[in-house]
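Quantities reported herein were computed from a predicted structural model and do not represent experimental measurements. Lettering of chains follows the sequences in order, A, B, ..., and the numbering in each one begins at 1.
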Protein chains: 2
Amino acid sequence: MSSNQINCQSCSISRLCLPVMLADSEIEHLDSIIKRRKPYHKDDVLFRYGEPLESLYAVRSGCLKTYTLDADGVEQITGFYLPGEIIGLDGIGEGKHQSFAKALDTSLICALPYNKLDLLAGQIPGLRSQLLKIMSHEIQEDKTLFLLLNKKNAEQRVAAFIINLSKRYANRGLASHCFQLPMTQVDIANYLGMAVETISRLLKKLQKLELIQIKQKEVTILDMAQLSQYAGTSCHIHS
Amino acid sequence: MSSNQINCQSCSISRLCLPVMLADSEIEHLDSIIKRRKPYHKDDVLFRYGEPLESLYAVRSGCLKTYTLDADGVEQITGFYLPGEIIGLDGIGEGKHQSFAKALDTSLICALPYNKLDLLAGQIPGLRSQLLKIMSHEIQEDKTLFLLLNKKNAEQRVAAFIINLSKRYANRGLASHCFQLPMTQVDIANYLGMAVETISRLLKKLQKLELIQIKQKEVTILDMAQLSQYAGTSCHIHS
DNA sequence: CGATAGCTTGAGTCTTATCAACGTATGTGG
DNA sequence: CCACATACGTTGATAAGACTCAAGCTATCG
């Protein structure tokens, strides 16, 4: 079966994606507007800053990053995207992409033409609702990230970054205690607003403390409980 | 005329809010679900973390902050909201508020019952579209803030914070070169992830450079061009 | 008028960036 | 299949930016 014949019903991450809670007939309708593209390869660009927003993109497999360029043309990474996540939501407001998107790995992508998706959202209440939920989640995660970067020190950021990846893999039914880092340390440093040297030192420190283990790009979490504590427990309900 | 009789048609910030591009009849429909509450006063709490999300809230006048509490119960400010802005979007995904919201000033608020709004969004394409745009804008602004905090030093953050406020006032047709800071320096420090002392010193520095002037809570921007340059020009289109 | 929250100022310290140099993978073409 | 080039990661020394602590000042409100 070629990748073009995969549909939402058979997609392993559909429960994280738009089809959540849709009836079969509705999923078929959604399915009919989705364009499944050829695989993207490492460093392939999905879209560029300023381009008209034709589609949102759902990641089916692989990993991508989004980034802008600063005044000096230096890349500023704004997010990493795993299977089941939707890329391009920040462009809806302006009708133009607000960032670049590039594959970090060989990745399968579903393109969701926005005009059609918007129309369909008018016809299928469950789809409208799910689209709003996905956007709300992104806002929520951005705020969590904001707190992470704003209030935590370098050690906590690195620990929290690893935990975050682990949880996202877990949500996808993938191994969450042992996984490949899809991005380089340079990318992590860029994303977390730190120097590469600091990332390297802190990853080494976490290894010495026997909280994690790293072999090349493979991370193994040895003590999730302590790692979480290390990351500084997250923000919660109080009075 | 009591504040309860104000409607979207007569609201001065409706063009920033949900009614954008709706027909009169549609606006009336929207208007009918909106509850206009008594004024909130300084330190009144609009909603709390974890409460069921019954309504989104549109600010009509005044200023509010949203915040979470960290593990030690310390306030972590996640946003400031001016007239025309919508509060509570991050709670849609979970159906529960993901933060606390508190008035910084006497504020007039429109409550938008979410269930009704969602239904109405199904009936009025322009409303659905505008809701998505507003959420998209919030995502975009969160990403901009992320870059600000992640890549810029303390001076640039403070300068960018003032410019951001100024632009938001300008959008609302309010004086943008001279305005009241609705929040304390403690709040600004918290929001920007800095010590109050640093905020104080840097505001003083910007005054010495004659880029801004501060009298009590009143900020006057003396040289916007240089202030912008100082803040580090923002992220843009490149190859 | 006094109490309190908010702001200012200075001195010392610590975290993290920067710079420089070196080590280790990876992959390409000969 | 090896050798080289290049990207990626490590390590150490130094420096700067921002925090912390301490103390004093100034609005504001009851």
> What parts of residues 179-191 of chain A reach DNA chain D, counting only heavy atoms under 4.0 Å away?
Replying inline: A:Thr184, A:Gln185, A:Val186

> NZ of B:Lys204 versus P of C:dC7: gap in Å, rounded?
Replying inline: 13 Å

> Just how far, in rounded Å, is C1' of C:dC7 from CD1 of B:Ile214?
Replying inline: 11 Å

> What is the distance, rounded to the nearest whole Å, between atom NZ of B:Lys42 and atom C1' of C:dA5?
Replying inline: 10 Å

Check nucleotides 22-29 of chain C for protein N or O atoms closer than 3.5 Å to its own N or O atoms and list the pairs.
none

> Any idea how B:Phe47 and B:His97 line up, ring-wise: parallel (<30°), tilted (30 to 60°), or perpendicular (>60°)?
Replying inline: parallel

> Taking everything shown except B:Lys96 itself, do over 12 heavy atoms lie less than 6.0 Å from its NZ?
Replying inline: no

>> Let me test you: for the helix from C:dC1-D:dG30 to C:dG30-D:dC1, what is the angle between the axes at its two ends (five pairs each), rounded to 10 degrees?
In response: 40°

>> Just to verify, what does A:Glu218 make a side chain to side chain donor-acceptor pair (under 3.5 Å) with, not counting sequence neighbours?
In response: none

>> Tell me every residue that passes ring-ring contact (aromatic ring centres under 6.0 Å, His included) with A:Tyr114, counting only those two or more places apart in sequence or in another chain.
In response: none

>> From CG of B:Leu206 over to P of C:dT8, roughly how many Å is that when rounded to an integer?
In response: 12 Å

> Where along residues 158-166 of chain A does a heavy atom come under 4.0 Å from DNA chain C, residue by residue in number order?
Replying inline: none

Polar atoms only, N or O, under 3.5 Å: list the protein pairs with nucleotides 20-22 of chain D and their distances.
residue : atom : partner  : partner atom : Å
D:dT20  : O4   : B:Arg201 : NH2          : 3.2
D:dC21  : N4   : B:Glu197 : OE2          : 2.9

> Does atom NZ of B:Lys217 have more than 12 heavy-atom neighbours, drawn from other residues, nucleotides or ligands, at distances under 6.0 Å?
Replying inline: yes

> How would you list all residue pairs meeting ring-ring contact (aromatic ring centres under 6.0 Å, His included) that involve residues 183-226 of chain A, not counting sequence neighbours?
Replying inline: A:Phe80-A:Tyr191, A:Phe161-A:Tyr191, A:Tyr191-B:Phe146

Let me have the donor-acceptor pairs involving side chains of residues 207-214 of chain B, under 3.5 Å, with sequence neighbours excluded, atom names and distances please.
residue  : atom : partner  : partner atom : Å
B:Gln207 : OE1  : B:Ile214 : N            : 3.1

Atom pairs under 3.5 Å, N or O on each side, protein against nucleotides 14-17 of chain D: can you list them with distances?
none

> With sequence neighbours left out, which residue pairs that include part of residues 50-59 of chain A fulfil the salt bridge (Lys or Arg N to Asp or Glu O under 4.0 Å) condition?
Replying inline: none

> Excluding sequence neighbours, so at least two apart, what forms salt bridge (charged side-chain N to carboxylate O under 4.0 Å, His left out) with B:Glu138?
Replying inline: A:Lys143

